[in-house]
Amino acid sequence: MSLDVHKIRNDFPILSQEVYKKPLVYFDNGATTQKPQIVIDEEIKVYSQENSNIHRGVHYLSEQLTQRYEDARKTVQSFINAEHNHEIVFTSGTTEAINLVAFSFGEQYVAEGDEIIVSTMEHHANIVPWQMLCDRKKAKLKIIPINDKGELLIDEYKKLISDKTKIVAVNHVSNVLGTVNDIKQIIDIAHKYDIPVLIDGAQSIQHEKVDVKEYDCDFFVFSGHKLYGPTGIGVLYGKEKWLNSIPPYKTGGEMIKKVSFEKTTFNELPFKFEAGTPNYTSAIGLAAAINYIDNIGLDNIALYEKELLDYATQKLGSIKGLNIIGTADNKVSVFSFDLENIHHYDAGMIIDKMGIAVRTGHHCAEPLMNRFNVEGTIRASFSFYNTKEEIDKLYDAILTVQQMFA
Ligand code: PMP
């Protein structure tokens with residue numbers, strides 16, 4: 001192990017607290033990650049020393065903060081290895097970024113009878129915007145099926161592609177199953193037919209090195225708050241040629257070049273997609289989070305989290321009556337399960353009383369729940385600040401739950 005987890009935990013003030021008089025065990029990292037002090041400090045610094053609306057002022061504070069915001073964009077660009085910094089659009093999160101593409105790409109390129117491909121394992125955020133687009137345009141949504149381990153069926157995906165397919169939108173990593181999809185293969189297949197691909201990276205960006213140039217994806221989206229950064233900030237990466245060819249999503253100040261009552265012309269990239277005052281504080285906070293993660297190293301993080309996942313799979317997987325949901329060959333540290341004859345919600349409530357935060361329910365992936373014939377699951381999602389001792393506590397908590405319902 002090349003990572004000092006006990007030292008790292010000291011960077012996260014929230015982790016040292018107790019809940020119900022027990023040390024907090026935070027296993028809900030798939031929903032949101034905790035923030036290192038350095039990110040919190042960065043936001044405090046903006047508000048206490050630097051605050052001013054950006055891009056429109058000639059005065060000192062405005063110019064300085066505009067520079068910091070644009071530097072944050074460059075930090076994101078280099079983190080995901082994008083070709084140009086104007087290919088990075090700040091949004092409020094993954095959800096807004098997907099809605100932006102579904103609307104703007106849809107307006108330009110999708111017509112009646114066309115088809116859009118998503119997969120069975122998508123988060124609602126990567127289903128509903130496409131569904132609404134299909135309703136507006138009288139287009140059709142096609143679904144890539146999965147096997148019982150929770151892996152995409154690539155041969156079935158190939159069969160779904162036709163000359164009517166306008167875009168493919170799939171996640172990199174499933175928030176429920178932890179499956180890491182082979183997005184390079186998915187993109188290569190689509191590109192043979194000149195079909196663009198959007199990758200929902202909400203659950204991959206915090207676990208492994210993302211390289212949009214290597215994947216050659218057309219759009220890649222993620223949220224800051226799942227990457228140890230602030231809430232209310234996210235990223236849409238789009239290839240220049242696509243961002244230039246689709247209309248704006250939101251309109252108003254900042255995104256225009258010239259406005260008259262007769263005609264409005266739009267600003268250049270990326271401002272065309274950033275109407276209104278942007279969330280500059282959180283963008284700068286996100287850059288601080290990226291620098292923090294880069295310092296630890298995503299390779300070290302991935303290695304350590306794999307250790308945690310293997311430990312949990314072996315230890316928790318040995319519990320009689322516990323079924324793991326999502327057993328893909330390539331997984332990140334997301335561990336979903338159900339307990340025989342015990343409702344996930346009841347189990348989650350009892351586990352919570354032992355100071356352990358897990359998430360229960362459908363995880364905004366109802367079609368996936370239907371595929372596995374369950375109403376919901378219990379999900380423990382591990383971060384590099386978690387420990388094997390904490391997994392032991394979850395093991396004990398699950399045994400207690402089972403005893404209570406025996
Ligand atoms: N996609 C996936 C795979 C997710 O896990 C999530 C968050 N649970 C989202 C999209 C939506 O992210 P946000 O709520 O930050 O917009």
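Just so you know, these numbers come straight off a predicted model, no measurement behind them. Numbering of ligands and ligand atoms starts at 1, following listing order.
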Ion pair [X]/[Y], N-O distance below 4.0 Å:
{"X": "Glu70", "Y": "Arg73", "value": "yes"}
{"X": "Lys45", "Y": "Glu50", "value": "yes"}
{"X": "Lys209", "Y": "Asp299", "value": "no"}

Listed once per pair and sorted, the side-chain hydrogen bond (donor to acceptor under 3.5 Å, both in side chains) pairs that draw on residues 220-230, sequence neighbours left out: Thr32-His225, Thr94-Ser223, Tyr228-Ser383
With a 3.5 Å cut-off and no angle check, do the side chains of Gln403 and Thr400 form a donor-acceptor pair?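 There is no such pair between these side chains.
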Residues Gln37 and Asp41: side-chain donor-acceptor under 3.5 angstrom: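 Yes, a side-chain donor-acceptor pair sits under 3.5 Å.
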Consider ligand 1: state whether an atom of it lies below 4.0 angstrom from any non-hydrogen atom of His363. no
Heavy-atom contact under 4.0 Å between His225 and ligand 1? yes
Describe, in one word, how the ring planes of Phe219 and Trp242 are oriented to each other, choosing from parallel (under 30°), tilted (30 to 60°) and perpendicular (over 60°).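 Ring orientation, 0 to 90° scale: tilted.
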Where is the nearest protein heavy atom to [atom]: which residue, which atom, and how far?
{"atom": "atom 5 (O) of ligand 1", "value": "Gln203 NE2, 2.7 Å"}
{"atom": "atom 4 (C) of ligand 1", "value": "His123 CD2, 3.4 Å"}
{"atom": "atom 8 (N) of ligand 1", "value": "Lys226 NZ, 2.8 Å"}
{"atom": "atom 11 (C) of ligand 1", "value": "Thr95 OG1, 3.6 Å"}
{"atom": "atom 10 (C) of ligand 1", "value": "Asp200 OD2, 3.4 Å"}

Can you list the atoms of ligand 1 that are under 4.0 Å from a heavy atom of Asn175? 5 (O)
Contacting atoms of ligand 1, where contact means under 4.0 angstrom from a heavy atom of Ser223: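 Answer, ordered by atom number: 12 (O), 13 (P), 15 (O), 16 (O).
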